[in-house]
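Since the structure comes first, as structure tokens, the remarks are kept for the end.
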Amino acid sequence: MTPAKQLNVDYKESDKRKAHLAKTRNIGIMAHIDAGKTTLSERILFYTGVNHKIGETHEGTATMDWMAQEQERGITITSAATTCFWKQHRINLIDTPGHVDFTAEVERSLRVLDGAVAVFCSVGGVQPQTETVWRQAKRYSVPIIAFVNKMDRTGANFAKVVAEMRKKLRANAVPLALPVGAEAQFKGVIDVLNEKAVYFEGEDGEDVRVEEVPEEYKQPLKEARSFLVECVAEVDDAVMELYLADKVPSVEMIKDALRKAVLAGSIVPVFCGSAFKNKGVQVLLDAVIDYLPSPVDIWETKGINPDTEQPEVRTVGDDKPFAALAFKVMSDPFVGRLVYFRVYSGEAVRGVTVYNPRTRKRERLGRLIQMHANHREEREEVFCGDIAAAVGLKSITTGDTLCDESAPIALESMHFPEPVISIAVEPKTSQDRDKLYNALGALSDEDPTFTIKSDTETGQTIISGMGELHLDIIMDRLRREFKVDCNSGQPEVAYRETVLKDSSADSKFVRQSGGRGQYGHVIMNLYVKERGHGITIENKVVGGNIPKEYIKPIEQGIRDAAQTGILAGYPCTDFHIDIIDGSYHPVDSSEMAFKVAASMGLKDAARKAGLCLLEPIMKVEVTAPEENMGDVIGDVTSRRGSIMEVDTHDNTVRITAQVPLSELFGYATAIRSLTKGRASYTMEPFSFEKVPNAIQDKIVEKQTK
């Protein structure tokens, strides 16, 4: 077999023009923390000829983990993009973080990718963050192929992971590779479709050797291939006809039907290997080419026309009107503000002017850059299907569309979770004050789950994020990148307020101060809604009792009052308001008067309804030795946690529980001391639930003081 690196070098030398759309793959590597995503990415870069030496995460030399914080902690914090070539196909690859605190990085990456490789640990199986990234991929209908990694580790169990995928993720998981051996005896993989054994030799596994299947694996192969044909037959009529006639479909026929099924999301092919031991990666790369979609397979991108608000569609092609989605903003110390974007139609040329439908402004594309992690390669133009970055876009934020002004379109944006934890920050010296606010602004610009606000009562600057690690990284970046010395307070939970029952309010704001006065009168009904509903407002005023130009200020007044809180200063949520009536004065009425009246009305209605606090509940999964099970469960219960599931396997117990975030500060230290450092845990936001009355009273008392 021709060495992979030779193939790619030839292709790159001979084909300097744009890669053909059908031979382009935009893929992401996604998984739970420590499943081996970055290690797998490093092998892909090595085998495709991009790198000439393999970087290792544990040594801090991984190309895709280029930030100092990533190299020190051995985790991925920011999604890194790069481009490589395999068998005359261009692969735009994004390595995403696995830690729940950086879930926004996964969300925005999946929004612009056509396909994804989900990596599973052969020992850990389906873990909490795996479920989260799986849901994110399904939200954007991203086709997935699975790679069961770490087959060389003690306790590796391929069949168990496939069974968990079917049970926990409800995925139609179909093995296309079987392991030859496991744990220390893991030697290679069996290609189920082609019925061959594949071994990886040479110092870095670059020499691929294909042989006949060993005798002891012929029966498992026969069963796996029969299952594969059966699953494909369920989604393809031509294969079904042959299957019912007891005939064997050809490899090409199965491959074509399988590709359609993967694109439709009805089958998830499963491969296996050990990225660290350089086994199975080339087979996975072949699968990326064979089964994951090109931009041509996606073909249509849906959006709305910002002028008419009617549905709008863009089809793939360099000759179509330009449309791209900005999915990431980043501060680069060398070139300044970088905006990453994915081109869905048309092409971007350096120096051309693009239109932002959100701000209704034009912006000029300065330099165009192809990113390879944190290394930059200048480009004159970027074609349809490409992922690149632009310098010089000042008012573009995450989720904005860049398009041709003569054919405007607003593409679907992204959904980001609300921050759950807050701390107060202050500069160490008065000279650092402006530097701090500029740095916080730049970081907030980059990360939609990182927010800043000023507490009007205390004068403190409050920053909020997705977890302790998230805010720890932010503080570290402030010191290192922005050279700002600052102090931070204790972490605080981002509580919410909500109403307990339906109510109504009749609110009038009248102010006479000599000359023109102020007059606003609003009648509203308030309705309780389920968790996660947010705030919705509907105008039901008839007969012109409130002129239309005052409806927007009324809505703004309601939202402003909800944001500042009513019970204890926390944002109020999960309710619906009907604006049903009111009155106005032809001279004295103003937008400000109606805004104040609406704000007073919401507070009045909420107090009548009664208010309660909601606290963020985390889904926690603890993996510990079986002998520590009682201690861990007792500790979780003492933290007001409720046990959801206990699963024992090979002297290890996995405990899944729901625990209030306020009880989890410092949990890492506590769990280590309980189990003598042998346990590990992960957590992710799960829901908001009512705070017990005794605790609520203490919080309200503290806030009102």
Side-chain angles (χ1 to χ4, degrees), residues 18-19 21 24 26 28 66 78-83 90 92-94 104-105 107-114 295 301 303 306 314 316-414 441-448 481:
K18 61 184 181 187
L21 270 177
T24 298
N26 290 312
W66 55 269
T78 181
S79 51
T82 191
T83 300
R90 178 194 189 96
N92 294 318
L93 174 75
I94 294 184
E105 289 289 321
E107 183 83 22
R108 56 179 163 200
S109 300
L110 287 172
R111 169 64 186 85
V112 297
L113 293 170
D114 299 328
T301 304
R314 281 284 184 280
V316 165
D318 294 336
D319 55 342
K320 301 289 189 292
F322 176 67
L325 186 76
F327 67 95
K328 182 173 177 176
V329 176
M330 189 179 141
S331 298
D332 187 288
F334 300 102
V335 297
R337 196 171 187 267
L338 268 182
V339 176
Y340 285 75
F341 62 94
R342 154 78 193 266
V343 182
Y344 284 96
S345 66
E347 55 185 51
V349 182
R350 180 178 176 153
V352 79
T353 300
V354 294
Y355 179 66
N356 180 353
R358 180 182 63 84
T359 59
R360 309 270 172 175
K361 287 180 181 173
R362 294 185 208 67
E363 294 229 34
R364 185 174 170 273
L365 285 177
R367 292 159 60 195
L368 293 176
I369 294 171
Q370 186 81 57
M371 296 300 290
H372 174 55
N374 64 329
H375 301 295
R376 295 161 294 280
E377 179 192 328
E378 298 281 339
R379 292 274 298 268
E380 286 302 314
E381 51 193 345
V382 179
F383 299 103
C384 179
D386 275 357
I387 291 173
V391 181
L393 299 171
K394 290 186 175 61
S395 60
I396 301 289
T397 61
T398 301
D400 280 356
T401 301
L402 311 175
C403 63
D404 187 332
E405 194 174 5
S406 61
I409 185 172
L411 301 173
E412 181 197 355
S413 190
M414 289 158 253
L443 290 169
S444 169
D445 205 14
E446 283 184 24
D447 186 350
E481 286 175 42

With heavy-atom distances below 4.5 Å as the criterion, would you say the side chains of Y344 and V112 are in contact?
yes
I want to check something: taking the side chain as every heavy atom from C-beta on, are N92 and T24 in contact at a cut-off of under 4.5 Å?
yes
Has R342 got its NZ or CZ under 6.0 Å from the middle of the six-membered ring of Y340, at an angle within 45 degrees of the ring axis?
no
Closest contact, heavy atoms only, V343 versus G346:
CG1-O, 3.5 Å
With sequence neighbours excluded, residues passing side-chain contact (heavy atoms from CB on, under 4.5 Å) with A323
R314, S345, I409
Heavy atoms, side chains only, cut-off 4.5 Å: are V391 and L338 in contact?
yes
Under the side-chain contact (heavy atoms from CB on, under 4.5 Å) test, which residues partner P306, sequence neighbours left out?
P357, R360, P408
Test salt bridge (Lys or Arg N to Asp or Glu O under 4.0 Å) on K394 and E363; report intermediate values, then the result.
CA-CA 8 Å; K394 290 186 175 61; E363 294 229 34; over 6 Å; no
Using modelled atom types only, decide if a donor and an acceptor are shared between the side chain of D318 and the backbone of C384 within a distance under 3.5 Å.
yes
Less than 4.5 Å apart, side chain to side chain, heavy atoms only: is that true for F322 and L402?
yes
Would you call I387 and F327 a side-chain contact if the rule is heavy atoms closer than 4.5 Å?
yes
Would the distance check show the side chain of R337 and the main-chain N or O of V329 forming a donor-acceptor pair, the cut-off being under 3.5 Å?
no
Do the non-hydrogen side-chain atoms of V339 and D400 ever get within less than 4.5 Å of each other?
no
Spatial distance of atom OG1 (T401) from atom CD (E412) [nearest 0.5 Å]:
10.0 Å
State, yes or no, whether a side-chain contact exists between R108 and P448 at a heavy-atom distance under 4.5 Å.
yes
Can you pull the side-chain hydrogen bond (donor to acceptor under 3.5 Å, both in side chains) pairs that have at least one residue in residues 379-389, sequence neighbours excluded?
Q370-R379, R379-D386
